[in-house]
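Excluded from the calculations below are hydrogen atoms, water molecules and symmetry mates; all remaining heavy atoms, backbone and side chain alike, are included. Proteins get letters first, then strands, A, B, ... in listed order; numbering begins at 1 in each. None of these values were measured; they are calculated from a predicted model.
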Amino acid sequence: MKMLLIHADYLEFEAKEKTKIAEETDILNGRMEECLVAFIAVEKKDDEENPQSVVNKAVEEIEKLANNLKVNNIVVYPYAHLSKNLSSPKIALEVLKDIEKKLRENNYNVLRAPFGWYKAFKLSCKGHPLSELSREIYPDDEKVEDKEKIPSKFYLVKENGELIEINKDNINIIEDEELKSLAKYELGIKDKQEKEPVHIKIIKEKDFCDYEPSSDPGHFRWYPKGKLIRDLLAEYVYNLVVSYGAMPVETPVMYDLSVKPIKEHADKFGERQYRFRQGNKELMLRFAACFGQFMIKKDMYLLPKYLPLRLYELSTYSFRYEQRGELIGLKRLRAFTMPDMHTLCLNLEQALEEFENQFWMCLKTGEDLNVSYNVIFRFVEDFFNEYRDWIMNLISKYINKYKKYVILEILPKRKHYWVGKVDIAVIDSLGRPIENPTVQIDVESAKRFNIKVKDSYPILLHCSPTGSLERALCGILESEGKRKDKLPTLPLWLSPIQVRVIPVSDKYINYAIKIAEKLRENNIRVDVDDSEARVGKKIRTAGKEWIPYIVVVGEDEVKNNILTVTIREKSTLKNQYKQHMTTEELIKEIKEKTKDYPFKPLPYPMFVSKQPKFH
RNA sequence: GCCUCGGUGGCUCAGCCUGGUAGAGCGCCUGCUUGGUAAGCAGGAGGUCGCGGGUUCAAACCCCGCCCGAGGCUCCA
């Protein structure tokens, strides 16, 4: 709705002649003194969407101004010429009448000029700063969406391929607690939580990373240990996708909104982006690596034999201007690092084959990060019906391999760029899903970005095998933080300090250093606790740092040339698991456990007494 | 973005209601202790009480605005 508001000494009108849409009325002329005149055009979107909300907002605006100006007389004047996109006359009349009625109820003197007549009018505008104002009023979109939204259906899929529709009442048929949490979340069943997720405490306590109050909310600072973990994860995903056949690229973080496909793709995601003007350009910060990779593909001369063609980029960073109240620790940020692979597929058959491979790749990351994944497939109904056999076959392979059921969402019609996707989630310490790895079948973007293989538009797959690195870490920490069966720990290859050597007294410090150096030469992250504390205290400190191997050396070890190693994985808080082994055996064990994973050296001084605290 | 709660030495928190010299534990430093698997003993240093304004003779405390965090709502390509 468009509205022009005039504070006037008087307004006078006279209806002269009917149009086709004229309302029947006796009030064909009128005059009001000391009044606020509201010229109003009701628009198509008001009509289609939510007329009642427009009425309420318009009345609110008028009253606000009337209050300011201290006037009690209001003229409601239909004025079609304010808009080129008018609503139907029927709705317009209803809206105008409603506005008149509401204002009357609120004790204003209201004069409404007749709708659909050619009218003569005289107006005397007061001419002070507030005397001429225009307002544009948008309908609330909440109710609109409700109207448009046909809800999805959710199913539990078991090994025999049976689909059991799940809803609020039968949710307990899902026995797996984690999968049930995921289903509950999807169905909008919420258990109220008043606590914060445990990873927030852990990241600070362990000197991984922290909030940066002098940036925008949701942008973090990373300390050496957290930086190490992120770098290791980055290298891990790089190796994973490159050995799978992806070609790494790097593309800009910001894009020009005057480029049509960029603008279209960006506009789909509405408010949740950083946009800014620089010079005479309007720019946006990328919220995923799609933009740059699509532009590369658009400019390539693509032959069918190149396909499936996979480009990979670690988007450091992707930016999303999430709502302020929605930012939570590492779970939702405004700047995050997203491994993002896009695969061009010749046709749907090839796309399905790729989808399956990429799905298995996503699941493998759960094993490497030592987290438990829960799977939800989402398909648009038509697509599901057409490829049902293929889908059910994939699901049954998954169930056989991982011994877990899956959730299946069927969407009545396509509303995003994808026709099918899989989301893979870790359940956090409060029973809420952290959705992370994903594969999506995109049938829209190739056309939008004019990516052509010969003369046809290929299918595009989006895949992030771990999801954002920050969220991956979040998932690991939440999983460990909620552990009851044993001590929380990071996977060995991700542990910032893998081994700590503790001399029983400073007599043995040189021996401890010798051991540490030997480990370090073998690419093991090791430090030496040279502090003045007693052994018990040093063990406790090492335990609080989640160090996987603690080597205590004293007289016995020197004499027998053997190490006493406390292995965290096999210990509990009360019972430390200790094992005697030679230095070579320890090295061998660690090398064995980390052999398929990236390595980076200890980013800290080797002596504990020299290691700074970051908080 | 909205609603609720919170922000006090490096960390965890008490004090605020009822205004009057800012507290504890851990950590840190120093000394004693030279030690054997999750907190040895003693002493000491360390605080713009988130920021800005207001009320008051006097503000960590009362009032207003803002910033930051958590929970809830809404959102989540």
Is the distance from the ring center of A/Y417 to that of A/H462 below 6.0 Å?
yes

What do you reckon, are the aromatic ring centroids of A/Y317 and A/F336 less than 6.0 Å apart?
no

For B/rG25, give its Watson-Crick or G-U wobble partner with both distances under 3.5 Å, or none.
B/rC11

Is there a Watson-Crick or G-U wobble partner for B/rG1 with both distances under 3.5 Å, and if so, which one is it?
B/rC73

With sequence neighbours left out, what residues match [X] under side-chain contact (heavy atoms from CB on, under 4.5 Å)?
X      : answer
A/L430 : A/Q193, A/K195, A/P197, A/D428, A/R432
A/E250 : A/E313
A/P252 : A/Y255
A/E212 : A/S214, A/S215, A/R221

Heavy atoms under 4.0 Å, any strand shown: does [X] hit a base, just sugar-phosphate, or nothing?
X      : value
A/K190 : sugar-phosphate
A/Y185 : base
A/Q440 : sugar-phosphate

Nearest 0.5 Å, please: how far is CD1 in A/I171 from CG in A/L187?
5.0 Å

From the options B/rG72, B/rG1, B/rA77, select the nucleotide whose nearest atom is closest to the side chain of A/F287.
B/rA77

What's touching nucleotides 2-11 of chain B from the protein side, N or O pairs under 3.5 Å?
| residue | atom | partner | partner atom | Å |
| --- | --- | --- | --- | --- |
| B/rG10 | O2' | A/H615 | O | 2.5 |

Kindly state each residue pair satisfying ring-ring contact (aromatic ring centres under 6.0 Å, His included) with at least one member in residues 532-558 of chain A, sequence neighbours excluded.
none

Less than 3.5 Å apart, which donor and acceptor atoms pair up between the side chains of residues 470-481 of chain A and the rest of the protein, not counting sequence neighbours?
| residue | atom | partner | partner atom | Å |
| --- | --- | --- | --- | --- |
| A/E470 | OE1 | A/T337 | N | 2.8 |
| A/E470 | OE2 | A/R230 | NH1 | 3.1 |
| A/E470 | OE2 | A/T337 | N | 3.1 |
| A/E470 | OE2 | A/T337 | OG1 | 2.7 |
| A/R471 | NE | A/K331 | O | 2.7 |
| A/R471 | NH1 | A/E435 | O | 2.7 |
| A/R471 | NH2 | A/K331 | O | 3.2 |
| A/E478 | OE1 | A/S429 | N | 2.8 |
| A/E478 | OE1 | A/S429 | OG | 2.5 |
| A/E478 | OE2 | A/V198 | N | 3.1 |
| A/E478 | OE2 | A/H199 | N | 2.8 |
| A/E478 | OE2 | A/H199 | ND1 | 2.7 |
| A/S479 | OG | A/G475 | O | 2.7 |
| A/E480 | OE1 | A/R483 | NE | 2.7 |
| A/E480 | OE1 | A/T489 | N | 3.0 |
| A/E480 | OE2 | A/R483 | NE | 3.4 |
| A/E480 | OE2 | A/R483 | NH2 | 3.1 |

For RNA chain B, what residues of [range] have any heavy atom nearer than 4.0 Å?
range                       : answer
residues 252-262 of chain A : none
residues 464-483 of chain A : none
residues 195-222 of chain A : A/K195, A/E196, A/P197, A/I200, A/Y211, A/P217

With respect to the phosphate group of B/rA77, does any side-chain polar atom (N or O) of A/R414 fall under 4.0 Å of OP1 or OP2?
no

Are any side-chain N or O atoms of A/R286 and backbone N or O atoms of A/A288, one a donor and one an acceptor, separated by less than 3.5 Å?
no

Output the rounded distance in Å from CD1 (A/I328) to P (B/rC75).
15 Å

Test log, rule ring-ring contact (aromatic ring centres under 6.0 Å, His included), inputs A/F377 and A/F359:
CA-CA 11 Å; A/F377 284 96; A/F359 172 56; 5.2 Å; yes

Not counting sequence neighbours, which residues clear ring-ring contact (aromatic ring centres under 6.0 Å, His included) with A/F607? List them please.
none

Nucleotide by nucleotide, 5' to 3', does protein get under 4.0 Å of the base (B), only the sugar-phosphate (S), or neither (-) in nucleotides 37-50 of chain B, counting heavy atoms?
BBBB----------

